[in-house]
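Some notes on the structure that comes next.
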Amino acid sequence: MNDMTDIPAYDDGNIFAKILRGEIPSHKVYENDDCIAFMDVMPQAPGHTLVVPKAPSRNLLDADNDTLRKLLPFVRRIARAVETAFDADGITINQFNEAAGGQTVFHLHFHVIPRHDGVALKRHEGGMESTDVLEANADKIRTALKTTPKD
Ligand code: DGP
């Protein structure tokens with residue numbers, strides 16, 4: 001157990017920890033010393049991106065303040081680029097805590113999902129997208145990041 005909360009301790013066998021260690025591939029969009037953004041393999045809409053802090057925490061409940069301080073500006077930067085890349089009308093940010101809260105991968109992450117008026121999201125953890133589509137979408141966001149304000 002984590003001494004700050006009554007949630008279980010962080011387990012570094014989770015899939016995002018493996019991506020961070022380079023043990024499994026991802027369609028990386030951008031990273032800095034503290035955070036990384038890559039495509040969700042089961043997108044709820046084209047351009048669905050995950051933002052993950054590199055420091056280990058299970059979710060928002062056990063994350064330290066330093067991690068959170070670095071994370072939110074990064075989330076916003078990616079959200080702005082996703083909005084530009086997909087000409088979105090809005091952005092949905094989702095963040096789930098524990099299984100009862102909808103979390104399936106137990107390393108803190110934010111979902112950044114472009115939205116268009118009148119278009120419903122696909123189911124959370126629905127079908128896998130093809131590598132070609134994920135890479136093309138990652139590339140759109142990488143391009144948009146070149147003209148997106150950092151702060
Ligand atoms: P959640 O923990 O409920 O916030 O959802 C985890 C998300 O991670 C879900 O939208 C699907 C995605 N996902 C699961 N496995 C992988 C993977 O191996 N690579 C990537 N890029 N995304 C994954």
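This structure is a prediction, so every number in the text was calculated from the model and none was measured. First listed ligand is number 1; within each ligand, the first listed atom is number 1. The figures that follow rest on heavy atoms only: side chains count, while hydrogens, waters and symmetry mates do not. Counting begins at 1 with the first residue of the sequence.
- Salt bridge status for Lys140 with Glu135: absent, with no side-chain N to carboxylate O gap under 4.0 Å.
- At least one N/O-N/O distance between Met39 and ligand 1 falls below 3.5 Å.
- For Asp64, there are no salt bridge (charged side-chain N to carboxylate O under 4.0 Å, His left out) partners two or more places apart in sequence or in a different chain.
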Next on the checklist: Checking Phe38 against Phe16 for the ring pair (Phe, Tyr, Trp, His ring centres under 6.0 Å) test, could you report, in this order, the C-alpha distance in whole Å, the side-chain angles of both residues, the deciding distance, and whether it holds?
Outcome noted: CA-CA 10 Å; Phe38 52 82; Phe16 295 165; 5.5 Å; yes
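- In this structure, His111 is part of the shell of residues with a heavy atom less than 4.0 angstrom from ligand 1.
- Those atoms of ligand 1 that come under 4.0 Å of a heavy atom in Phe38, given as number and element, are 21 (N).
- Residue His124 places a heavy atom less than 4.0 Å from ligand 1.
- Distance from atom 1 (P) of ligand 1 to its nearest protein heavy atom, with residue and atom name: His109 NE2, 3.2 Å.
- Counting atoms of ligand 1 from 1 in the listed order, those under 4.0 Å from a heavy atom of Gln103 are 2 (O), 3 (O).
- Under a cutoff of 6.0 Å and an axis angle of 45°, Arg77 and Tyr30 form a cation-pi pair.
- At under 3.5 Å, not a single nitrogen or oxygen of His48, backbone or side chain, sits near a nitrogen or oxygen of ligand 1.
- The distance criterion of under 3.5 Å between nitrogen or oxygen atoms is met by Gly102 with respect to ligand 1.
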Next on the checklist: Could you go through His109 and His107, starting from their C-alpha distance and side-chain angles, then the distance that decides it, and tell me whether this counts as ring pair (Phe, Tyr, Trp, His ring centres under 6.0 Å)?
Outcome noted: CA-CA 6 Å; His109 56 280; His107 181 115; 8.0 Å; no
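- Closest to atom 7 (C) of ligand 1, if we only count protein heavy atoms, is Asp40 OD2, 3.5 Å.
- For ligand 1, the polar-atom distance check against Glu125 finds no nitrogen or oxygen pair separated by under 3.5 Å.
- The shortest heavy-atom contact between Leu20 and Pro53 is CD1-O, 3.9 Å.
- Arg80 and Thr148 are not linked by any side-chain donor-acceptor pair at a separation below 3.5 angstrom, with hydrogens and angles left out of the test.
- Distances between N or O atoms of Phe16 and those of ligand 1 include no value under 3.5 Å.
- At a heavy-atom distance under 4.0 Å, no atom of Phe106 approaches ligand 1.
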Expected list for residues 96-105: side-chain donor-acceptor pairs under 3.5 angstrom, two or more places apart:
| residue | atom | partner | partner atom | Å |
| --- | --- | --- | --- | --- |
| Asn97 | OD1 | Leu60 | N | 3.0 |
| Asn97 | OD1 | Gln95 | NE2 | 3.0 |
| Asn97 | ND2 | Gln95 | OE1 | 2.9 |
| Glu98 | OE1 | Arg58 | NH2 | 2.9 |
| Glu98 | OE2 | Arg58 | NE | 2.7 |
| Glu98 | OE2 | Asn59 | ND2 | 2.8 |
| Gln103 | OE1 | Asn59 | ND2 | 3.0 |
| Gln103 | OE1 | Glu98 | N | 2.7 |
| Gln103 | NE2 | Arg58 | O | 2.9 |
| Gln103 | NE2 | Val105 | O | 2.8 |
| Thr104 | OG1 | Glu125 | OE1 | 3.4 |
| Thr104 | OG1 | Glu125 | OE2 | 3.4 |

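- With hydrogens left out, the protein atom closest to atom 16 (C) of ligand 1 is Val41 CG2, 3.6 Å, a heavy atom.
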Next on the checklist: Go through it in stages, so that I can follow the logic: the residues are Leu71 and Val51, the test is side chain to side chain contact (heavy atoms under 4.5 Å, CB included), and I'd like the CA-CA distance, side-chain angles, deciding distance and then a yes or no.
Outcome noted: CA-CA 8 Å; Leu71 186 57; Val51 172; 3.7 Å; yes
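- Comparing Ile15, Ile113, Val52, Thr49 by heavy-atom distance to atom 15 (N) of ligand 1, the nearest is Ile15.
- Here the protein heavy atom with the shortest distance to atom 6 (C) of ligand 1 is Thr104 OG1, 3.4 Å.
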Next on the checklist: side chain to side chain contact (heavy atoms under 4.5 Å, CB included), that's the test. Do Val41 and Met128 meet it? Break it down for me.
Outcome noted: CA-CA 6 Å; Val41 293; Met128 291 266 288; 3.8 Å; yes
